[in-house]
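These notes concern the structure reproduced below.
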Amino acid sequence: MAAPGGVAAGGHRVTAPRLSRAALAAAGTPLPAPPVRIVHLGVGAFHRAHQAWYTHHAGDDWGIAAFTGRRAELAHRLGPQDGLFTVVERGPDADRVEIVGSIARAHRADEVERMLQLCAAPETAVITLTITEAGYHLGADGALDTSDPAVAADIAALRAGAPPATPVGRLVAGLHARARAGAGPLAVVACDNLPELAARLRDAVAELASAAGLPPVEASFVATSVDRITPHETDAAAVAAATGWHDEAAVVTEPFSDWTLCGEFPAGRPAWERAGALFVDDIVPFERRKLLLLNGGHLQLAFHGLLRGHVTIAEAVRDPACRAGLESFWDEAARTVGPGADTEHYRAALLERFENPRIEHRLAQIAVDTATKLRIRILPVIAAETAQGWDARGARAVIQRWRTAAAAGLVPDVPPARAGREESALWQTAKLFARS
Ligand SMILES: NC(=O)c1ccc[n+]([C@@H]2O[C@H](COP(=O)([O-])OP(=O)(O)OC[C@H]3O[C@@H](n4cnc5c(N)ncnc54)[C@H](O)[C@@H]3O)[C@@H](O)[C@H]2O)c1
Ligand SMILES: O=P(O)(O)OC[C@@H](O)[C@@H](O)[C@H](O)[C@H](O)CO
């Protein structure tokens with residue numbers, strides 16, 4: 001077995017051999033590449049720890065062709081490893097590591113022609129996305145923002161038959177390539193933290209196609225709620241020590257994981273339920289509970305924690321002041337979610353997850369795209385509470401702390417000089433929410 005060694009992301013020299021399918025086969029632990037039946041847009045930390053992990057654990061030989069989002073870097077790290085990577089499940093006391101084999105190929109995002117061919121292939125049955133909330137280019141009303149220059153450029157590109165650049169533009173091109181090939185409808189599963197994302201993406205695809213003068217396309221937009229706290233960290237040295245392989249695409253995640261889905265898969269799907277996925281008739285309670293309690297709770301801890309000098313979620317949640325702010329927001333958010341969603345147990349489980357001291361979930365990683373996230377994760381609580389005549393004190397405090405943290409230069413996406421203006425725009429939206 002070759003032992004070339006290399007320099008890990010952290011800059012330290014590692015002597016373990018590079019992970020690859022040939023190396024695994026030579027070591028007597030083969031993990032052959034499964035045939036591609038899924039196209040993924042926006043491979044990052046979460047896709048590897050979640051959808052790729054579920055697909056691997058489904059055990060029915062479905063392979064993923066994973067395209068990067070804005071940067072090609074991950075394709076360069078996964079490519080030499082034939083798509084293989086290690087998932088480190090970081091519990092409060094110990095790690096559990098495993099090599100995941102479901103990514104059959106990793107591509108750069110700009111390999112658009114390849115993506116279109118794969119979308120048009122009859123074997124392809126599912127397209128998944130994790131491109132962040134901002135990657136959809138939706139406006140405050142949830143519709144495609146056609147005034148966004150990137151969207152306007154894609155409309156022009158699609159009209160001219162040139163390759164589009166946004167993920168929604170590429171999805172439109174992929175679905176049209178499939179329709180032209182007569183390969184039949186497939187399922188689209190958008191796995192970002194946005195409410196009603198399946199319907200919004202369906203409408204955005206229709207709007208973009210129509211603006212570009214293309215006929216409507218058929219696809220099943222599957223609604224989903226995804227959950228697994230996956231911070232941006234890798235640990236090449238620990239992975240090499242645990243597995244014996246040098247891995248430049250390892251991902252660290254928590255042991256907990258949840259995937260709830262609702263919708264049709266007209267061309268089939270992996271048996272994700274074998275890995276614990278849940279298929280339901282109504283996604284709304286799952287989606288609301290997760291977005292308001294977990295993601296809303298993260299925002300509360302991020303702003304409050306940054307103001308109190310903390311760096312990670314685990315530090316912030318152990319600070320009694322931040323914890324009190326969290327509980328106060330959660331009391332209101334739980335009322336907004338409504339009865340029947342077992343918010344009491346969910347909150348208790350969340351506290352344990354947030355307290356995991358070995359997960360370094362940085363507050364600064366959470367405090368990005370903040371205006372969009374506040375609209376989705378905090379304003380609905382203010383609207384629901386004020387509609388009942390209550391003061392929404394816990395949810396309002398999240399917005400006030402966001403403004404204070406932004407004015408102090410602690411929230412990277414809001415320049416201090418704009419903090420006041422951004423805040424009043426948010427309160428305007430809050431009023432609209434409360435009226436609707
Ligand atoms: N990390 C988590 O714990 C977690 C959990 C649940 C859901 N999610 C969802 O997954 C998303 C990605 O999380 P991640 O941890 O993989 O982040 P990441 O930074 O590792 O990966 C993000 C991916 O999206 C692409 N991207 C970012 N902005 C884009 C844009 N404007 N246009 C096109 N592509 C773009 C990136 O290039 C990258 O491929 C989150 O924003 C969230 O919606 C994450
Ligand atoms: O990923 P974002 O930026 O939408 O939100 C930040 C975190 O709240 C989020 O990543 C959670 O950790 C995740 O949603 C847990 O499943």
Side-chain angles (χ1 to χ4, degrees), residues 40-54 66-75 77-78 85 90 106-110 128-138 145 148-151 154 164-171 189-195 197 201 224-234 249-254 256-260 286-287 289-303 305 312-314 316 346 349-350 353-354 356 359-378 412-413:
H40 181 77
L41 305 187
V43 60
F46 182 60
H47 173 67
R48 278 172 287 159
H50 193 268
Q51 304 96 63
W53 181 89
Y54 275 89
F67 289 79
T68 59
R70 282 188 299 194
R71 287 181 297 136
E73 193 215 340
L74 199 52
R77 287 196 268 140
L78 280 166
F85 62 92
R90 184 143 289 170
H107 295 283
R108 297 186 321 271
D110 63 5
T128 52
L129 302 94
T130 51
I131 51 169
T132 80
E133 292 82 318
Y136 292 88
H137 298 275
L138 304 178
D145 182 1
D148 181 323
V151 176
D154 265 9
T166 69
V168 178
R170 287 177 178 158
L171 181 59
V189 193
C191 300
D192 285 285
N193 290 323
L194 280 166
L197 180 56
L201 182 57
T224 188
S225 171
V226 290
D227 191 4
R228 190 168 210 184
I229 295 172
T230 308
H232 290 169
E233 27 169 336
T234 50
V251 63
V252 177
T253 191
E254 63 173 339
F256 175 92
S257 134
D258 182 73
W259 197 3
T260 309
F286 297 93
E287 183 180 89
R289 187 177 70 172
K290 197 264 171 172
L291 284 174
L292 297 182
L293 293 174
L294 193 160
N295 299 114
H298 264 170
L299 284 183
Q300 141 60 27
L301 289 174
F303 306 136
T312 66
I313 285 288
Y346 190 79
L350 269 188
R353 294 170 64 194
F354 286 180
N356 184 340
I359 288 278
E360 245 193 72
H361 203 181
R362 299 173 78 82
L363 304 176
Q365 180 190 333
I366 291 165
V368 296
D369 297 334
T370 45
T372 306
K373 289 181 187 173
L374 284 165
R375 261 201 317 264
I376 294 159
R377 302 170 189 181
I378 308 295
D413 66 326

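Remember, it's 1-based here, ligands and their atoms both numbered in the order they're listed. The residues of the chain are indexed from 1 along the displayed sequence.
Residue-ligand proximity, Ile229 to ligand 1, at heavy-atom distances under 4.0 Å covers atoms 3 (O). Those atoms of ligand 2 that come under 4.0 Å of a heavy atom in Leu294, given as number and element, are 11 (C), 15 (C). Counting the atoms of ligand 2 from 1 in the order shown, those under 4.0 Å from a heavy atom of Lys290 are 13 (C), 14 (O), 15 (C), 16 (O). Heavy-atom contacts of His361 reach the following atoms of ligand 2: 12 (O) (cutoff under 4.0 Å). Listed by number with element, the atoms of ligand 2 under 4.0 angstrom from any heavy atom of Glu133 are 2 (P), 4 (O). Those atoms of ligand 2 that come under 4.0 Å of a heavy atom in Lys373, given as number and element, are 2 (P), 3 (O), 4 (O), 5 (O).
In this structure, His361 has its ring center no closer than 6.0 Å to that of Phe354.
Among the atoms of Thr230, some N or O lies under 3.5 angstrom from an N or O of ligand 1. Inclusion of Ala134 in the set of residues having an N or O under 3.5 Å from an N or O of ligand 1 is not warranted. Polar contact check, Pro231 against ligand 1: no nitrogen or oxygen pair lies under 3.5 Å apart. Considering backbone and side-chain N/O of Thr68, none are found under 3.5 Å from N/O of ligand 1.
Salt bridge Arg375/Glu133: absent, no basic N to carboxylate O contact under 4.0 Å.
Between His107 and Phe67, the two ring planes are parallel [angle under 30°; tilted spans 30° to 60°].
Atoms CD1 and CD, from Ile313 and Gln365 in turn, are 10.0 Å apart once rounded to the nearest 0.5 Å.
For His137, the closest heavy-atom approach to ligand 1 does not fall below 4.0 Å. Ligand 2 lies less than 4.0 angstrom from a heavy atom belonging to Arg377.
With Arg170 contributing its side chain and Pro164 its backbone, the two residues share a donor-acceptor pair below 3.5 Å.
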Item to check | Criterion side-chain hydrogen bond (donor to acceptor under 3.5 Å, both in side chains) on Asp227 and Ser225, from CA distance to verdict | outcome: CA-CA 7 Å; Asp227 191 4; Ser225 171; over 6 Å; no

